[in-house]
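Okay, structure first, notes after.
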Amino acid sequence: MPELKQLFSTLPNPENQYVTYQNFLTPRRDFHTADAEQLFETHQEEIMQVVRKELSAYLSDEDLCNNKTDMFPRRCFLTGEWYVGELASFDNEQEVFFSVQTAFLGTDLGYPDDYLGLEVLLYYNEETHRFELDSINSEAL
């Protein structure tokens, strides 16, 4: 698997559009409250450390990502480059959840383009005051 490299955009996203590799805007933001946005901002580095760790674990898992012909995603198409497309939050009665939507570039079309989307869902554990993994959802882009 190629080394993972996060790409960062400096293009403003004033209309809060969905981000693609073609428009490569700063991440779309959809926080359900100002308090949730502040919680994210305060703990952004911690959240992103968890996200990077979980992305690497997902792509290293042979059951989830390999080079078999009938597999998606296939490692042979991944460039290792990825970016954050959306940051969001929601809650249920017990916890605040954060969604970090990421997009990985692939060369399945013969050139680098959006290939794999991985959404990392985290929740804020009030007892430990830490962010913990809830789940990872994948999609073809």
Side-chain angles (χ1 to χ4, degrees), residues 1-109 111-141:
M1 183 175 81
E3 183 178 334
L4 298 184
K5 178 184 177 190
Q6 185 175 357
L7 305 175
F8 296 92
S9 174
T10 57
L11 296 175
N13 192 355
E15 296 177 24
N16 213 24
Q17 297 176 52
Y18 287 98
V19 178
T20 66
Y21 187 57
Q22 283 74 38
N23 67 22
F24 202 53
L25 302 168
T26 55
R28 182 174 188 275
R29 298 171 73 90
D30 187 16
F31 293 102
H32 72 290
T33 66
D35 287 343
E37 185 170 14
Q38 180 61 43
L39 184 62
F40 176 85
E41 294 296 332
T42 302
H43 297 278
Q44 183 172 358
E45 186 53 41
E46 175 189 349
I47 291 168
M48 292 309 296
Q49 283 177 351
V50 173
V51 168
R52 285 188 288 273
K53 176 182 164 234
E54 295 303 329
L55 294 177
S56 182
Y58 184 96
L59 295 175
S60 297
D61 187 327
E62 283 293 318
D63 292 331
L64 300 173
C65 182
N66 59 53
N67 277 327
K68 294 180 182 171
T69 335
D70 59 346
M71 182 67 178
F72 181 86
R74 291 181 63 194
R75 284 192 191 124
C76 60
F77 291 134
L78 289 168
T79 68
E81 296 173 308
W82 65 281
Y83 62 90
V84 175
E86 182 177 39
L87 303 166
S89 70
F90 58 94
D91 63 9
N92 63 21
E93 285 134 29
Q94 292 91 20
E95 296 153 330
V96 174
F97 287 86
F98 290 94
S99 166
V100 179
Q101 300 237 0
T102 65
F104 283 82
L105 302 184
T107 57
D108 60 318
L109 300 174
Y111 53 88
D113 200 5
D114 290 330
Y115 176 67
L116 168 67
L118 291 177
E119 176 191 29
V120 180
L121 287 173
L122 307 151
Y123 67 93
Y124 185 68
N125 185 323
E126 292 284 346
E127 292 177 11
T128 64
H129 300 284
R130 298 195 54 85
F131 290 87
E132 299 181 13
L133 178 69
D134 178 71
S135 61
I136 295 182
N137 301 309
S138 66
E139 66 178 330
L141 298 178

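Scope of the values below: all heavy atoms of this structure, side chains included, with no hydrogens, waters or symmetry mates.
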Closest contact, heavy atoms only, [X] versus [Y]:
{"X": "G85", "Y": "V19", "result": "O-CG2, 3.4 Å"}
{"X": "L64", "Y": "P73", "result": "O-CD, 3.4 Å"}
{"X": "D63", "Y": "M71", "result": "O-CE, 3.5 Å"}
{"X": "Y83", "Y": "T20", "result": "OH-C, 3.2 Å"}
{"X": "N125", "Y": "E132", "result": "ND2-OE2, 3.1 Å"}
{"X": "S135", "Y": "L133", "result": "O-CD1, 3.6 Å"}

Under a 4.0 Å N-O cut-off, is there an ion pair linking R52 with E45?
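So R52 pairs with E45 through a salt bridge.
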
Is it true that E62 and K68 make a salt bridge, defined as a side-chain N closer than 4.0 Å to a carboxylate O?
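Between K68 and E62 there is no salt bridge, as every charged N stays at least 4.0 Å from the carboxylate O atoms.
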
Can you tell me how far [atom2] of [Y] sits from [atom1] of [X], rounded to the nearest 0.5 angstrom?
{"X": "N66", "Y": "L59", "atom1": "CG", "atom2": "CG", "answer": "11.5 Å"}
{"X": "E46", "Y": "L122", "atom1": "CD", "atom2": "CG", "answer": "9.0 Å"}
{"X": "L116", "Y": "R75", "atom1": "CG", "atom2": "CZ", "answer": "12.0 Å"}
{"X": "I136", "Y": "L121", "atom1": "CD1", "atom2": "CG", "answer": "9.0 Å"}
{"X": "E54", "Y": "T102", "atom1": "CD", "atom2": "OG1", "answer": "11.5 Å"}

May I ask you to check whether F77 and F72 place their ring centres under 6.0 Å from each other?
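Between F77 and F72, which both carry aromatic rings, the centre distance is not below 6.0 Å.
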
Is it the case that the ring center of F97 lies less than 6.0 angstrom away from the ring center of F90?
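Here the rings of F97 and F90 have centres that are less than 6.0 Å from each other.
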
Give a yes or no on whether R29 atom CZ has more than 12 heavy-atom contacts from other residues, nucleotides or ligands under 6.0 Å away.
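For R29, atom CZ is crowded (more than 12 foreign heavy atoms under 6.0 Å).
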
So does Q22 have more than 12 non-hydrogen atoms from other groups sitting under 6.0 Å from CD?
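It does: Q22 CD has more than 12 such atoms within range.
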
Passing candidate, side chain to side chain contact (heavy atoms under 4.5 Å, CB included) with Y124, options L39, D91, I47
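The residue from L39, D91, I47 that satisfies side chain to side chain contact (heavy atoms under 4.5 Å, CB included) with Y124 turns out to be L39.
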
Just one of L141, L118, T79 clears the side chain to side chain contact (heavy atoms under 4.5 Å, CB included) bar with F104, so which one?
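Among L141, L118, T79, the one meeting side chain to side chain contact (heavy atoms under 4.5 Å, CB included) with F104 is L118.
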
